[in-house]
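The structure under discussion appears below in the form of C-alpha cells.
No experiment lies behind these values; they were computed from the predicted model shown. Labels below follow one simple rule: chain letters A, B, ... track the order of the sequence lines, proteins then strands, and each chain is numbered from 1.
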2 protein chains.
Amino acid sequence: MRKEQSTNYENRQKIIAACPISYTLSLIEGRWKPMILHQLFSGISRYSEIKKAISIITERMLTAELKELELRGMIHRKSHEEAMLKVEYGLTERGESLRPVFQQLWQWGKSDRTTSAAFTKS
Amino acid sequence: MRKEQSTNYENRQKIIAACPISYTLSLIEGRWKPMILHQLFSGISRYSEIKKAISIITERMLTAELKELELRGMIHRKSHEEAMLKVEYGLTERGESLRPVFQQLWQWGKSDRTTSAAFTKS
DNA sequence: CCGTATCCTTCCCGATACTG
DNA sequence: CAGTATCGGGAAGGATACGG
C-alpha cells in the first residue's frame, strides 16, 4: 500500500524523525487540514457543517482529510446510533493541545499580511 | 510559467487568502525548508555548512529550497565578492519574526513525541 | 564551492459517478 | 446525510551529469 522503497518517502521519514518542527508540520499537513482543524477549534463539529463552512471542498477530500486527521490522532469520529445520518467530529486531547500553536500561526499570518507589502507566491 | 487554470492551484490560493494559518504554513512549506530555516536560526549560514548539516539533501533541492525561501522574503543571499566561492544566507526581518513560531512548533513536537505512544504515519 | 540542466518517478488532489 | 470507488492530470521531488 505504500512504496517503502522510494527515496521520496524515505527522506520524508528521516526528516520527520530528525526535526521536531517537520514532525509537527507533518501532522497538520494537507490541503484542507488546517482549515478543518480551525473549524473544529471554532466549535463546528458536524460533517455537514464543516462541508458548508468550507464550501469549495469536495466530499472526497473532506472525508479523506478527516480520516487522516483521525489516523494521526488529532480528532475522533462519533456517529450517533439513534440518528445514523449524523456524524460529529471532535478534537482529541492531542488535537486540543495544538490550539495555542494554531493561535500563534494565526497571529503571525495576520500580522505578516499587514506588514509585508505583498505576498509573492513562489 | 504557471497554470492559472488548474483548480488545484486556484483552491490553494483561495485557502491561503482565506485562512491565516494556511497562509503562514504556505511560507514554510516544502520538504527541506523547515530544516533549512532551523539551521539558519541556529547560526549556520554558509551553503556548504547547511549542506553538511543536512547531509542527505541533494544540491538541486538545497538550491531550489533556498531560492524559494528567498522569493518568499524569508532569507537573503549574500555572495562575497572577494571570495566568489563563498555564499552566505541570512534571515530577513520577516524570517527572523518566525523564530518564536518555530520555537513553539519545536516544543510541541518534542513534547508530543514523549507523550504520544506512537506516531503512525498516515 | 556553488550551483544548473534534464529526465523521470511518486503521489497529491480534483472530477465524477455511485451507495446505505 | 455521509460517505466510496475509480480515473487522470500535474506538481513536487529525486538521480545524475555538467559548468563557472
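- Among A/Trp32, A/Trp106, A/Phe102, the one residue that satisfies the ring pair (Phe, Tyr, Trp, His ring centres under 6.0 Å) test with A/His38 is A/Trp106.
- One finds a side-chain N or O of A/Arg77 lying less than 4.0 angstrom from the OP1 or OP2 phosphate oxygen of D/dG3.
- Between C/dA15 and B/Thr7, a contact under 4.0 Å exists linking OP1 or OP2 to a side-chain N or O.
- Between B/Thr58 and D/dG13 there is no side-chain polar atom (N or O) within less than 4.0 angstrom of OP1 or OP2.
- Both A/Arg31 and A/Glu59 sit near DNA chain C, but only A/Arg31 has its closest nucleotide nearer the 5' end.
- Scanning atom types as modelled, no donor and acceptor separated by under 3.5 angstrom connect the side chain of A/Arg60 and the base of D/dG3.
- Closest to the A/Ser48 side chain, of the nucleotides C/dG14, D/dA2, C/dC2, is D/dA2.
- Side-chain N/O atoms of B/Asn8 include none lying less than 4.0 angstrom from OP1 or OP2 on D/dA11.
- Counted by atom type alone, B/Tyr89 and B/Gln39 present zero donor-acceptor pairs between their side chains at under 3.5 Å.
- Each of C/dG3, D/dC1, C/dC13 was ranked by its minimum atom distance to the side chain of B/Tyr47; first place goes to C/dG3.
- A close approach under 4.0 Å does occur between a side-chain nitrogen or oxygen of B/Tyr89 and OP1 or OP2 of C/dG3.
- Donor-acceptor pairing under 3.5 Å is lacking for the side chains of A/Glu70 and A/His76.
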> Under the side-chain contact (heavy atoms from CB on, under 4.5 Å) criterion, do A/Ile57 and B/Asn11 qualify, and how do the steps go?
Replying inline: CA-CA 9 Å; A/Ile57 196 173; B/Asn11 279 350; over 6 Å; no

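- For the OP1/OP2 pair of C/dC12 and a distance below 4.0 Å, the side-chain nitrogens and oxygens of B/Tyr9 include no atom meeting the criterion.
- Backbone-only engagement by B/Lys67 is indicated by non-hydrogen atom pairs under 4.0 Å involving sugar-phosphate atoms exclusively.
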